[in-house]
Amino acid sequence: MNIAIDGPAGAGKSTIAKLLAKELGFIYVDTGALYRSMALYFLRKGVKSSDADKISELSNEIEVGLKYIDGAQHVYLNGEDVSGLIRTEEVSSMTSAVSVYPKVRERLLDTQRNIAANNDVIMDGRDIGTNILPNAELKIYLTASIESRAERRYKELKEKGQDVVLDRIKEEIAERDERDKNRETAPLKQAEDAIYLDTSDMTIDEVVDYIKKLAKK
Ligand code: DC
């Protein structure tokens with residue numbers, strides 16, 4: 001069985017999907033990590049996100065893979081485990097900027113489809129229900145107000161010891177929303193057969209229970 005969860009940054013997709021995967025015995029696939037790894041590669045090479053030709057050319061040098069160690073997803077960039085290096089705001093912005101390029105998206109297509117074809121997965125991202133897994137048995141479009149998304153992200157990063165400012169996070173999320181929704185290739189949008197869920201006033205447990213019931217059905 002495949003469950004697709006799409007939605008904007010900070011809607012709680014990964015928190016919810018991780019808990020659900022545990023309860024249902026599914027594999028959780030965080031597709032953002034795949035795009036983030038590619039962005040890290042471009043940052044290391046010092047390429048500008050606006051340099052479409054260079055990004056497309058360099059995409060051919062990149063192999064991204066996933067492994068599960070003690071149930072946790074690890075992402076590999078050309079064989080190196082980069083899971084701990086891809087959660088900075090610098091990488092977040094670069095990722096949103098480079099994920100507009102068809103070549104970047106194409107590079108990650110098979111990885112995502114293969115894992116879903118061979119496992120029960122809960123996959124989160126932006127275009128899972130619309131593009132990657134159009135036949136997923138359950139599709140959720142998870143969202144929340146920009147205020148609550150920014151606050152959640154702020155708390156998460158603070159807890160990790162990062163020095164962050166709430167207003168700046170809000171601006172970055174708004175910028176990412178804008179870009180993710182308006183890009184030409186596979187933009188963030190609700191699939192026609194996806195269930196819309198606004199989690200602004202819901203607890204994590206409420207959201208997990210709700211989706212679990214839908215999955216069981
Ligand atoms: O889910 P995330 O915050 O880790 O995603 C980071 C960026 O990656 C997001 O701004 C857009 C891009 N992304 C994408 O284009 N398609 C996906 N399936 C997942 C992420």
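Note that ligands are numbered from 1 as they come in the structure, with each ligand's atoms numbered from 1 the same way. The figures here come from the full heavy-atom set of this structure, side chains too, leaving out hydrogens, waters and symmetry mates. Positions are given from 1 along the sequence.
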*Asks:* Note the single closest protein heavy atom to atom 18 (N) of ligand 1, along with its residue, its atom name and the distance in Å.
*Replies:* Thr31 OG1, 3.0 Å
*Asks:* If you count the atoms of ligand 1 from 1 in the order shown, which ones are under 4.0 Å from a heavy atom of Ser96?
*Replies:* 10 (O)
*Asks:* Starting from atom 9 (C) of ligand 1, what is the nearest protein heavy atom, named by residue and atom, and what distance separates them?
*Replies:* Arg126 NH2, 3.3 Å
*Asks:* Answer yes if the side chains of Tyr101 and Arg183 hold a donor-acceptor pair under 3.5 Å, and no otherwise.
*Replies:* no
*Asks:* What protein heavy atom sits nearest atom 7 (C) of ligand 1, and how far off is it?
*Replies:* Thr95 CG2, 3.4 Å
*Asks:* Quick one: does Arg179 get a heavy atom under 4.0 Å from ligand 1?
*Replies:* no
*Asks:* Under 4.0 Å, heavy atoms only, figure out whether ligand 1 is touched by the backbone of Ser99, its side chain, both or neither.
*Replies:* side chain
*Asks:* Salt-bridged, Arg44 to Glu80, with N to O below 4.0 Å?
*Replies:* yes
*Asks:* Assess whether a salt bridge exists between Arg152 and Glu156, defined as any Lys/Arg side-chain N lying under 4.0 Å from an Asp/Glu carboxylate O.
*Replies:* no
*Asks:* So, are Arg107 and Glu63 salt-bridged, with charged N and O less than 4.0 Å apart?
*Replies:* yes
*Asks:* Heavy-atom distances under 4.0 Å are what count here, so tell me which part of Arg176 touches ligand 1: side chain, backbone, both or neither.
*Replies:* side chain
*Asks:* Side chain to side chain contact (heavy atoms under 4.5 Å, CB included) for Gln112 and Ile128? Distances and angles first, verdict last.
*Replies:* CA-CA 9 Å; Gln112 296 170 85; Ile128 310 304; 3.7 Å; yes
*Asks:* So which heavy atom on Val91 is nearest to which on Leu43, and how close?
*Replies:* CG2-CD1, 3.8 Å
*Asks:* Looking only at heavy atoms, is any part of Arg183 under 4.0 Å from ligand 1, and if so is it the side chain, the backbone, or both, or is it neither?
*Replies:* side chain
*Asks:* What's the shortest heavy-atom distance between Ala39 and Val98, and which atoms?
*Replies:* CB-CG2, 4.1 Å
*Asks:* So is there a nitrogen or oxygen of Asp180 less than 3.5 Å from a nitrogen or oxygen in ligand 1?
*Replies:* yes
*Asks:* Asp127 heavy atoms, cut-off 4.0 Å: which ligand 1 atoms fall inside?
*Replies:* 18 (N)
*Asks:* If we ignore angles and hydrogens, is there a donor and acceptor under 3.5 Å between the side chains of Ser200 and Arg149?
*Replies:* no
*Asks:* Measure from atom 16 (N) of ligand 1 to every heavy atom in Arg36, Arg105, Met94 and give the option owning the shortest one.
*Replies:* Arg105
